[in-house]
Amino acid sequence: LGIVIIVSGGSMDRNKSHLALLRASLLHWGFEGRTATAGNLAFPFSPSDLQCEDGFLTVCGTRDPAFISQWPAIQQNVQDYVSTLSSSEGLTIRFISA
């Protein structure tokens with residue numbers, strides 16, 4: 001499963017901070033059938049967060065069948081959790097996965 005997360009609509013610092021929370025939460029999110037304890041995702045380059053035209057993005061992925069089968073719920077749970085730490089008001093958050 002390949003995942004791109006894009007955060008835009010706020011200041012560059014706010015976009016970057018919100019993306020960092022999403023990335024870190026997604027990387028270490030617990031779920032049924034989890035076997036990797038060091039992290040759920042792989043990142044093809046470093047630094048993992050890149051500035052784009054109007055925000056920041058990260059590219060990551062996994063081959064874990066349990067993660068992939070639960071991806072919609074994991075995505076929603078991570079977004080809900082991060083919203084308790086950082087308001088997403090005024091931000092555009094896009095998850096692209098394939």
Side-chain angles (χ1 to χ4, degrees):
L1 175 70
I3 303 167
V4 176
I5 307 168
I6 305 165
V7 178
S8 60
S11 68
M12 284 301 182
D13 284 343
R14 184 164 176 235
N15 295 339
K16 185 176 182 179
S17 295
H18 200 82
L19 178 64
L21 286 171
L22 288 167
R23 176 189 26 79
S25 298
L26 193 58
L27 178 63
H28 297 292
W29 196 256
F31 57 90
E32 185 76 30
R34 180 180 181 194
T35 56
T37 57
N40 301 316
L41 303 170
F43 298 89
F45 43 79
S46 179
S48 58
D49 299 346
L50 304 173
Q51 185 173 350
C52 57
E53 190 170 304
D54 60 345
F56 276 84
L57 67 86
T58 193
V59 177
C60 52
T62 184
R63 294 181 185 171
D64 185 328
F67 186 100
I68 293 167
S69 69
Q70 297 174 66
W71 168 238
I74 292 169
Q75 177 185 344
Q76 187 59 57
N77 290 338
V78 165
Q79 287 186 89
D80 292 347
Y81 171 71
V82 169
S83 72
T84 69
L85 304 174
S86 172
S87 172
S88 61
E89 185 176 338
L91 297 178
T92 301
I93 301 165
R94 292 177 285 165
F95 281 78
I96 303 166
S97 58

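Proximity of I93 to V82: side-chain heavy atoms (C-beta onward) are nowhere separated by under 4.5 Å. For the pair V78 and L22, the minimum side-chain heavy-atom distance is below 4.5 Å. Within the 4.5 Å cutoff, no side-chain heavy atoms of R23 are placed close to those of C60. Put simply, the side chain of W71 does not reach to within 4.5 Å of the side chain of T62, judged on heavy atoms. A 4.5 Å side-chain heavy-atom check between D64 and N40 finds every atom pair outside the cut-off.
Listed here is the closest heavy atom pair of M12 and E53: CE-O, 4.0 Å. Scanning both residues, I6 and C52, for their nearest heavy atoms gives CG2-SG, 4.4 Å. Smallest separation of non-hydrogen atoms from S25 and L21: OG-O, 2.8 Å. Considering every non-hydrogen atom in both G33 and A66, the closest pair reads O-CB, 3.9 Å. L50 and P47 make their closest contact through CD2-O, 3.9 Å (heavy atoms, listed as atom of the first residue, atom of the second, distance). Counting all heavy atoms, side chain and backbone alike, S86 lies closest to H18 at OG-ND1, 3.0 Å.
In this structure a side-chain-to-backbone donor-acceptor pair under 3.5 Å is missing from Q70 to F31. Checked by atom type and distance alone, the side chain of T58 never pairs as donor or acceptor with a backbone atom of I5 at under 3.5 Å. Using a distance-only test at 3.5 Å, with no hydrogens or angles considered, a donor-acceptor pair links the side chain of N15 to the main chain of G10.
When V7, L91, L19 are each tested for a side chain to side chain contact (heavy atoms under 4.5 Å, CB included) with R14, only one passes: L91.
Under the 30°/60° scheme for interplanar angles, the aromatic rings of Y81 and W29 are found to be tilted.
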